[in-house]
Amino acid sequence: MTDRRWLVPFINAGHLLDHLVMLVFPTVLLALTREWQLSYSELAGFATGAFIAFGAFAIPAGWLADHWSRYKMMVVFFFGIGAALFLTGFANSPWQIGLGLTLTGMFAAIYHPVGIAMLVAAPKNLGMALGWNGLWGNLGLAFAAIISGALMDLWGWRAAFFIPGALSMLVGIAFLMLVPDPGPVAKTSKSIGLHLDARTMAQIFVILLVATACGGIIFNATTFAMPKVFDERLRALVQTNFGVGALVACVYTIAAFAQVVMGTLMSRFDIKHLMIGVGLVQVPLLFAAAALEGWPLLLVALCMMMAIFGQIPLNDGIVGKYVADEYRARVLSVRYVVSLGVASVAVPMIALLHRTEGGFRNVFLVLAVLACAVFASALFFPSRERIRQAPAAA
């Protein structure tokens with residue numbers, strides 16, 4: 001494809017930045033509620049547009065990547081999120097914050113259908129490539145909390161947008177200088193699947209989309225709410241924005257390595273069994289998180305996020321393993337527009353349920369029910385033996 005010595009590191013750096021920029025606001029919220037004298041529920045809703053755009057714009061991003069250039073779309077990604085973050089940093093009202101976050105979500109939507117398609121085009125080990133890429137993405141979640149908290153304590157909440165914006169543009173410049181353009185994707189496949197008949201492919205995609213839609217809500221809700229959950233239930237342990245961010249970062253950083261472990265397991269075990277295991281583990285942990293606080297909550301949150309993060313490389317691995325290269329960006333865009341588009345309901349759901357008497361308890365109970373759906377869908381995924389015996393694509 002091209003010289004991967006620099007390509008893969010920049011694809012991984014893009015994943016880190018993608019999740020970092022999408023989760024600056026949940027930590028900034030802690031400061032804005034005090035500065036603007038508005039409740040958490042009132043302000044949280046203004047992030048809804050960002051998560052809708054994060055899913056919806058995956059479709060045009062994937063189409064442009066396959067028909068125009070994956071490389072050039074990555075350039076647009078780096079410079080676009082940088083400019084959008086700067087715009088958000090100048091906001092003086094909740095509506096301006098919402099507009100800037102929505103624009104950020106539009107550019108952030110480019111990464112998953114484009115960056116993952118470039119990554120899985122020619123990996124030596126698909127599972128490990130996705131595992132390490134997932135690790136970098138989840139480090140972005142961790143860095144978002146701790147960097148935003150530190151910048152807010154040092155220079156105010158606007159710096160939490162300005163500095164990551166400048167970093168994104170610098171990475172974009174380095175990408176242009178060090179990574180050559182591989183050119184257009186070769187169009188050689190007659191069917192979307194590499195070696196499976198249409199019926200088996202349809203079954204795989206339906207199960208995948210059901211699992212990722214429910215999993216997307218769980219992922220979005222837990223990562224968005226975690227700073228506020230820790231602020232409410234672990235306040236006896238930490239007294240500053242940086243302290244809350246550091247605890248969130250610690251949980252995300254340790255949990256991120258679950259993706260590397262999952263990448264290793266993907267090369268050794270049946271994907272069906274791994275999907276069942278991940279879904280089964282999530283259910284009791286989400287129920288436990290609904291009731292706990294203090295140190296027990298911190299431990300459960302760590303295990304819970306390991307299970308949630310561990311599901312991600314499984315979903316992308318299915319696309320990388322069964323979809324022809326020239327269709328991958330478009331298939332990934334469909335997967336992510338469903339996953340992230342449906343997941344956009346997580347923010348208004350949190351805002352609505354946080355107002356109720358149960359608060360975050362009710363949020364986690366709803367997520368536990370969705371985890372049951374993830375587990376149930378995994379039961380219907382075709383086994384390795386079933387896939388091996390399926391008729392080849394015509």
Side-chain angles (χ1 to χ4, degrees), residues 22-34 36-55 94 97-98 101-102 105 141 144-145 210-235 244-245 247-248 251-252 279 282-294 296-298 300-305 307-309 311 338-376:
M22 288 300 295
L23 286 178
V24 168
F25 185 62
T27 305
V28 169
L29 259 176
L30 304 180
L32 289 181
T33 54
R34 293 185 283 268
W36 289 357
Q37 297 298 301
L38 294 171
S39 71
Y40 178 83
S41 298
E42 289 174 309
L43 280 173
F46 287 95
T48 303
F51 290 100
I52 292 175
F54 195 35
I97 282 275
L101 292 175
T102 301
L141 302 177
V210 170
T212 55
C214 296
I217 297 175
I218 295 171
F219 178 89
N220 249 27
T222 51
T223 53
F224 186 92
M226 198 64 70
K228 183 61 176 177
V229 173
F230 281 13
D231 186 54
E232 289 185 1
R233 298 189 183 181
L234 301 178
R235 202 61 183 179
V244 171
L247 276 182
V248 174
V251 167
Y252 288 172
Q282 287 182 20
V283 176
L285 291 172
L286 285 163
F287 275 120
L292 297 175
E293 60 182 45
L297 172 64
L298 188 61
V300 166
L302 173 60
C303 297
M304 176 182 72
M305 296 314 299
I308 292 170
F309 289 171
Q311 183 182 347
V338 172
S339 175
L340 300 174
V342 173
S344 65
V345 307
V347 176
M349 180 191 76
I350 291 170
L352 176 65
L353 294 178
H354 189 262
R355 297 191 190 103
T356 64
E357 184 177 350
F360 280 119
R361 175 180 177 275
N362 294 335
V363 173
F364 283 115
L365 290 177
V366 170
L367 298 182
V369 173
L370 291 174
C372 293
V374 173
F375 169 70

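This structure is a prediction, so every number in the text was calculated from the model and none was measured.
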What residues form a side-chain contact (heavy atoms from CB on, under 4.5 Å) with A221, not counting sequence neighbours?
A346, M349, I350, L367

Excluding sequence neighbours, so at least two apart, what forms side-chain contact (heavy atoms from CB on, under 4.5 Å) with A371?
I218, Q282, V283, L286

Separation between CG of L297 and CG of L302, rounded to the nearest 0.5 Å:
11.0 Å

Carefully, step by step, assess M22 and F51 under the rule side-chain contact (heavy atoms from CB on, under 4.5 Å).
CA-CA 8 Å; M22 288 300 295; F51 290 100; 3.8 Å; yes

Report the distance from atom CZ of R34 to atom CG of L29, rounding to the nearest 0.5 Å.
10.5 Å

Run the side-chain contact (heavy atoms from CB on, under 4.5 Å) test against A288 and tell me which residues pass, sequence neighbours left out.
L292, V300

Residues forming a ring pair (Phe, Tyr, Trp, His ring centres under 6.0 Å) with F360, sequence neighbours excluded
H354

Please report the C-alpha distance between L298 and F230 in whole Å, then the side-chain angles of each, then the deciding distance to 0.1 Å, and finally whether the side-chain contact (heavy atoms from CB on, under 4.5 Å) criterion is met.
CA-CA 8 Å; L298 188 61; F230 281 13; 3.8 Å; yes

Once side-chain contact (heavy atoms from CB on, under 4.5 Å) is applied, do any residues pair with P94, and if so which ones, sequence neighbours excluded?
W36, L38, L43, F46

R233 and A289: which non-hydrogen atoms are nearest, and at how many Å?
NH1-O, 2.7 Å

Interatomic distance, R361 atom CZ to T356 atom OG1 [nearest 0.5 angstrom]:
9.5 Å

In Å and rounded to the nearest 0.5 Å, what is the NZ to OG1 distance from K228 to T33?
6.0 Å

Tell me which one of V229, V363, I308 satisfies side-chain contact (heavy atoms from CB on, under 4.5 Å) with T222.
I308

Measuring from atom CZ of F219 to atom OG1 of T212, what distance do you get when rounded to the nearest 0.5 angstrom?
13.0 Å

In terms of heavy-atom contacts, C214 and V374 come closest through CB-CG2, 3.7 Å

M305 side, atom CE; L285 side, atom CG - distance, nearest 0.5 Å
11.0 Å

Could I get the full list of ring pair (Phe, Tyr, Trp, His ring centres under 6.0 Å) partners for F25, not counting sequence neighbours?
none

Inspect the surroundings of CZ in R355 and state if more than 12 heavy atoms from other residues, nucleotides or ligands are less than 6.0 Å away.
yes

Taking the side chain as everything from C-beta on, heavy atoms only, tell me whether V251 gets closer than 4.5 Å to M226.
no

